[in-house]
Amino acid sequence: MRISEYFSLPKVSSKSYKVWQRNKDVFMKDIKLNFLPPFLEPLLYLSALGFGLGRFVEDIDGVPYANFIAPALIAISVMYASFFECSYSSYVRMYYQKTFDAIIATPVTIEDVIAGELLWGATRSMVNAAVMIPVIALFGLIDIRYALLIIPFAFLGGLLFAAIGMCFTAVTPNIMSINYPVLLFITPMFLFSGTFFPLSALPLPVQYFAIAFLPLTHIVNGIRLIGYGTLEPVLLFDLAWIIVVCAVLLLVSINMMKKRLIV
Amino acid sequence: MFGFLGPNGAGKTTTMRMIQCVSPLTSGNLEIFGLDAMSRPREIKSHIGVVPQENNLDMDFTVYENLLVFSRYFDIPRDEAERRANELLEFVHLEDKKDTMTESLSGGMKRRLILARALINRPKMLILDEPTVGLDPQARHMIWDKLRSLKKQGVTIVLTSHYLDEIEKLCDRLVVMDYGKILVEGSPAQVIEKYVGSGIVEAEHNPELIDCLEKKEANYEVIGDLVHIYTDNPKQIAEYLTMECSLSKLSARPATLEDVFLKLTGRRLRE
Ligand SMILES: Nc1ncnc2c1ncn2[C@@H]1O[C@H](COP(=O)(O)OP(=O)(O)OP(=O)(O)O)[C@@H](O)[C@H]1O
Ligand SMILES: [Mg+2]
């Protein structure tokens with residue numbers, strides 16, 4: 001496969017909705033269990049870090065520590081939800097459960113399957129955000145008037161991390177190897193994307209690196225701006241970064257998976 | 001009903017996957033229902049039902065849900081899908097297992113459910129890759145019955161199997177393939193007739209017998225300590241051998257597809 005083929009437009013049809021629907025139906029079977037983490041995690045993090053640790057931390061850029069980390073918690077959940085959905089979970093469906101094999105024997109094509117998986121990953125992120133927003137708003141940590149805007153933003157961010165996860169699924173030799181991108185990419189991002197302390201505390205070159213290459217930076221920043229109700233122009237930059245990278249990675253991830261699966 | 005025979009690794013599954021439009025062709029062209037497999041996979045796949053070699057039921061769902069979820073991929077409306085699912089569960093005798101998760105089904109039940117799933121779109125063509133592997137005789141007979149009744153309803157059936165009796169019983173035409181190439185084609189009777197004759201005489205191997213056969217220019221093969229003599233007239237040959245070559249341990253039997261298969265593809269084990 002030549003490099004340019006990884007960027008070619010895959011023929012995705014509305015049938016990908018059926019694949020999305022399949023995953024949604026499985027999700028709904030355990031809906032209570034699936035809703036628990038996004039409900040519980042903000043409570044735990046906010047008590048321990050926001051209000052516990054926060055008592056010893058000065059205001060950051062004029063906001064109390066709990067208010068500072070609350071939007072980041074949503075962003076982190078957006079990242080984890082779709083990344084894990086489209087890495088470990090997609091790999092299990094592809095390799096162990098042979099779900100994809102069964103589906104492509106029907107009029108649904110492999111491109112539809114991957115697109116459906118990506119959309120589902122993004123949906124998971126959006127659902128998590130939607131559950132977390134009222135919990136966080138209950139503490140008065142985000143501006144509820146703008147909070148609804150976070151939901152479509154979470155979908156977009158989810159799509160980005162779904163595509164990233166899917167790229168790793170396409171190349172991983174086995175399920176254990178997905179631990180590498182988690183340890184080397186996702187975990188550092190969790191800590192160094194302006195999540196628990198501002199980017200400005202980092203050395204300048206690292207700041208630039210984070211802005212250029214760490215997707216979570218833009219999602220944290222975006223959700224923070226929306227959550228505070230301060231819709232500044234810099235939000236457009238974050239949005240543009242996410243849209244461009246997301247579009248490219250969506251193409252690449254579908255083509256990479258196609259290459260892996262068509263034999 | 002059309003059968004594909006061949007040793008392990010001959011390329012049967014690969015051929016089935018090409019017919020299903022999931023594996024690409026590297027050369028040549030392939031038409032199904034008069035449609036080109038490479039350019040119109042969606043249309044072709046909407047009229048095909050597949051029983052794959054490896055079970056791939058959706059383990060996140062129950063038996064009944066498996067059929068319903070699958071029906072959505074074909075855009076079958078919900079109430080029609082429910083009707084068909086109930087019908088098909090009855091057809092493969094799994095009504096009692098409707099709400100069981102597929103993981104806890106036995107191997108035979110899984111195969112039956114896959115057959116039902118393959119029929120959810122009322123296919124014009126059914127592709128079965130070793131449909132009865134690992135099944136007990138009852139389950140095999142049940143599947144055969146179902147296949148015959150589908151054939152009567154006008155469904156084209158394409159089948160691969162290592163059970164040669166299965167192919168011999170069910171198929172109207174067959175091919176034997178090896179290393180991706182077709183070796184023979186025809187009806188089971190034709191193929192047997194053409195390659196081994198209608199009967200076989202089995203005798204113990206000894207040099208005297210070989211001399212005798214050489215003299216008569218007989219069509220024979222030495223297999224370990226047995227000699228197979230291919231003939232249209234096993235009785236006569238058997239009698240002749242007992243008289244002329246003074247042999248005692250002989251048996252005559254009709255030839256089967258198994259003899260053709262082994263003769264064409266050799267006896268060496270495949271990796
Ligand atoms: N026409 C062909 N040309 C080259 N390679 C082929 C061809 N057909 C199949 N192969 C290769 O042969 C291997 C085995 O093929 P396949 O799985 O189709 O065998 P099979 O007949 O189904 O075997 P089994 O009886 O064990 O299921 C595969 O790796 C496949 O890529
Ligand atoms: Mg096979």
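Below, chains carry the letters A, B, ... as their sequence lines are ordered, and counting in each starts from 1.
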- Note on the structure: Scanning both residues in full, the closest heavy-atom pair of A:Lys15 with B:Phe74 reads NZ-C, 4.3 Å

- Message: Please determine whether side-chain contact (heavy atoms from CB on, under 4.5 Å) holds for the pair B:Val69 and A:Lys18, giving the CA-CA distance in whole Å, both sets of side-chain angles, and the decisive distance to 0.1 Å.
- Response: CA-CA 9 Å; B:Val69 170; A:Lys18 312 280 166 148; over 6 Å; no

- Assess whether atom OH of A:Tyr180 is packed by more than 12 heavy atoms of other residues, nucleotides or ligands within 6.0 Å. no

- Message: As an exercise: rank A:Leu261, A:Asp25, A:Ile262 by heavy-atom pairs under 4.5 Å with chain B and give me the winner.
- Response: A:Asp25

- How far apart are the closest heavy atoms of B:Arg42 and A:Ser13, and which atoms are they? NH1-OG, 3.2 Å

- Part of B:Asn121 within contact of chain A (heavy atom distance under 4.5 Å): neither

- Task: Select all residues of residues 88-106 of chain A having any heavy atom within less than 4.5 Å of some heavy atom of chain B, and report them by number, or 'none'.
- Result: A:Tyr96, A:Gln97, A:Lys98, A:Thr99, A:Asp101, A:Ala102, A:Ile103, A:Ile104, A:Ala105, A:Thr106

- Query: About how many Å separate CZ of A:Arg22 and CZ of B:Phe61, when rounded to the nearest 0.5 Å?
  - Reply: 5.0 Å

- Query: Between B:Asp75, B:Val50, B:Ile48, B:Val22, which has the largest tally of heavy atom pairs under 4.5 Å with chain A?
  - Reply: B:Asp75

- Query: Measuring heavy-atom distances to chain A, does B:Asp60 have an atom under 4.5 Å in its side chain, in its backbone, in both, or in neither?
  - Reply: both

- Note on the structure: Applying a strict 4.5 Å limit to non-hydrogen atoms, the region of B:Glu54 in contact with chain A is side chain

- Message: Does this structure show an ion pair linking B:Glu65 with A:Lys29, if we count only N-O contacts that are shorter than 4.0 Å?
- Response: yes

- Item | Whether over 12 other heavy atoms sit under 6.0 Å from B:Arg173 CZ | no

- Task: Count the heavy atoms of every other residue, nucleotide or ligand shown that sit under 6.0 Å from NZ of B:Lys110, and state whether that count exceeds 12.
- Result: yes

- Query: If you count the non-hydrogen atoms of other residues, nucleotides and ligands that lie under 6.0 Å from CG in B:Leu30, is the total more than 12?
  - Reply: yes

- Which answer fits B:Leu57, side chain, backbone, both or neither, if we ask what part of it has an atom under 4.5 Å from a heavy atom of chain A? backbone

- Query: Does A:Val19 reach the side chain of B:Arg72, with side-chain heavy atoms less than 4.5 Å apart?
  - Reply: no

- Message: Can you tell me if B:Lys181 has over 12 outside heavy atoms packed within less than 6.0 Å of its NZ?
- Response: no

